[in-house]
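In what follows, a structure is listed as structure tokens, so that the remarks can point back to it.
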Amino acid sequence: MLDSFSSLPLNTTIDLDERLFHLVTDIVSKVAVGKSYREETFRGKKLKEMLDDLVISLCGSVSDIYPGKLGLILDELLGFNRRLEKTFSNFDAFLQMVLDEHIDHTGTSDHEKDMVDACRSQLTTNEMKALLMNVLNGAIDTTTTTMVWTMSEIIKNPRVMQKLQEEIRRCVGRKSSVEEADVANMPYLKLVVKEALRLHSTVPFLLTRECIKHCQIGGYDIFPGTRVLINAWGIGRDPKVWTESASIFNPERLENLELDRSEMIPFGGGRRACPAASVATQIVEYTIANLFYSFDWQLPSGMKNEELDMEEVGSLIVVRKTPLSLVPVKYDWQD
């Protein structure tokens, strides 16, 4: 990705949403299934389109709001059931193809082991498909969106960008790129990523939970069987927790926290917390470090940093309403 940016003509504007999606898809796919299927078409759709269909389906249906016959009838009339069946049939067939390819290539000299190889002997086919669906659906869009929001907040705040770049270039020195070990020596970078996670929890409502016993929250009775949604977006911007400036991007606010509340918000907590939280955070930090080490970033057409549109849109996953378009300027080290 960095090489492709370096080879662009001067003042070329790039769609960073798309470039980062490609990067994350390749990383996650390589780890999970051994190679990237990003450019392949399956049943007339690419992986990105199938993942988008999954997100829409997982947002829920009318019967989730109106249980019983009314909801079921409306789901059928509105075509939700047909779309649901087609979406999961397509993705199931895609996962079956991935598993079949692993069976065909097992034992060949050019086959590199991945997550499928590590788990296949211990899980049934359906369990393996469920695991892969969780990994591909849960890791790609969320990690990409976190990167885009982090880049957006840094670009919108020149003070933060200057301080961050100074730290990165001071720690790394004159090398071709940032190495993973370098990131451990960048405390401000970690604060920047955590502050972005606080303000922009990719999934505004954490995955639905069901209450298993009677309890009280804020004076309200919560009975067994009640579906509970945790408002991560609201927690991250609660002025009672983060003061009146809760909506302002300020990484320094996290310097002296006794409890790392910012990391807990988008990844959940307890036994149901996201198992890939540390991996996702490392990927974001490493990518951001390389982007700001190798390039200075400008907005197109002379736009000012404070003019960058930060409007949100989405349901299950909240993304930028407009793509993040930036101009990469290769950094020139001065002797």
Side-chain angles (χ1 to χ4, degrees), residues 1 14-33 35-65 75 78-99 115 129-152 196-197 200-208 229 232-233 266-267 274 276 279-280 283-284 287 309-325:
M1 182 182 69
I14 61 172
D15 181 347
L16 208 58
D17 294 53
E18 182 182 39
R19 299 299 187 100
L20 290 176
F21 174 80
H22 291 172
L23 173 71
V24 176
T25 302
D26 291 346
I27 293 173
V28 174
S29 298
K30 179 68 174 176
V31 172
V33 297
K35 72 173 188 178
S36 176
Y37 291 87
R38 172 167 52 85
E39 293 299 331
E40 296 187 24
T41 300
F42 187 77
R43 291 191 176 181
K45 292 194 174 186
K46 291 190 175 182
L47 180 59
K48 169 64 173 172
E49 295 173 293
M50 289 194 289
L51 290 175
D52 288 343
D53 290 342
L54 273 179
V55 170
I56 294 172
S57 298
L58 292 172
C59 286
S61 65
V62 177
S63 59
D64 289 332
I65 304 171
D75 279 345
L78 294 172
F80 176 82
N81 294 335
R82 293 187 296 276
R83 292 195 303 272
L84 190 70
E85 177 65 29
K86 183 177 181 180
T87 295
F88 280 88
S89 175
N90 288 342
F91 208 78
D92 179 79
F94 166 74
L95 295 175
Q96 186 63 55
M97 178 192 71
V98 171
L99 295 178
M115 191 183 74
K129 288 179 180 178
L131 178 61
L132 287 176
M133 189 183 79
N134 282 341
V135 170
L136 296 175
N137 184 54
I140 295 176
D141 280 334
T142 53
T143 306
T144 302
T145 303
T146 298
M147 285 186 187
V148 172
W149 279 121
T150 304
M151 286 291 296
S152 301
L197 287 169
H200 302 283
S201 182
T202 306
V203 181
F205 289 95
L206 302 185
L207 296 181
T208 307
L229 289 170
W233 190 94
F267 298 111
C274 174
V279 177
I283 292 174
V284 173
T287 304
D309 183 13
M310 301 290 281
E311 189 172 353
E312 302 170 327
V313 68
S315 51
L316 189 64
I317 296 177
V318 173
V319 299
R320 289 178 50 86
K321 185 175 182 178
T322 56
L324 181 60
S325 298

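- The backbone N or O of Asn81 sits nowhere less than 3.5 Å from a side-chain atom of Asp75 that would complete a donor-acceptor pair.
- Heavy atoms only, all atoms of each residue included: Val24 and Ile140 are closest at CG1-O, 3.7 Å.
- Looking at Ser57 and Arg83, their side chains never come closer than 4.5 Å, going by heavy atoms from C-beta outward.
- Results of the side chain to side chain contact (heavy atoms under 4.5 Å, CB included) test with Leu23 over Ile283, Thr144, Thr287 single out Thr287 as the only residue that passes.
- Considering only heavy atoms from C-beta on, Leu206 stays 4.5 Å or farther from Leu229 through its side chain.
- Of all non-hydrogen atoms in Pro204 and Leu316, the two that sit nearest each other are CD-O, 3.4 Å.
- A heavy-atom distance below 4.5 Å is not found between the side chains of Arg19 and Met147.
- If you take CZ on Arg43 and CD on Glu49, they are separated by 14.5 Å, rounding to the nearest 0.5 Å.
- Side-chain atoms of Val33 and Met115, non-hydrogen and from C-beta on, never get closer than 4.5 Å to each other.
- Under a 3.5 Å cut-off, the side chain of Glu85 and the backbone N or O of Arg82 do not form any donor-acceptor pair.
- Counting heavy atoms from C-beta on, the side chains of Asp92 and Met133 never come closer than 4.5 Å.
- In this structure, the side chains of Arg38 and Lys48 stay at 4.5 Å or more apart for every pair of heavy atoms.
- When atom types are taken as modelled, the side chain of Trp149 and the backbone of Val318 share a donor-acceptor pair closer than 3.5 angstrom.
- Distance NZ/Lys45 to CG/Asn90: 6.5 Å, rounded to 0.5 Å.
- Side-chain N/O atoms of Thr87 and Asp53 include no donor and acceptor closer than 3.5 Å.
- A heavy-atom distance below 4.5 Å is found between the side chains of Ser152 and Met310.
- In this structure, Leu20 CG and Thr145 OG1 are separated by 10.0 Å, a value rounded to the nearest 0.5 Å.
- A distance-only check finds no donor-acceptor pair linking the side chain of Asp26 to the backbone of Ser36 [under 3.5 Å].
- Residues Leu136 and Phe91 share a closest heavy-atom pair of CD1-CZ, 4.3 Å.
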Dump the intermediate steps for ring pair (Phe, Tyr, Trp, His ring centres under 6.0 Å) on Phe94 and Tyr37, then the final yes or no.
CA-CA 10 Å; Phe94 166 74; Tyr37 291 87; 5.5 Å; yes

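- Annotation: side chain of His200 is not in contact with side chain of Thr146 (no heavy-atom distance under 4.5 Å).
- The backbone N or O of Asp17 lies less than 3.5 Å from no partner atom in the side chain of Arg320, so there is not a single donor-acceptor pair.
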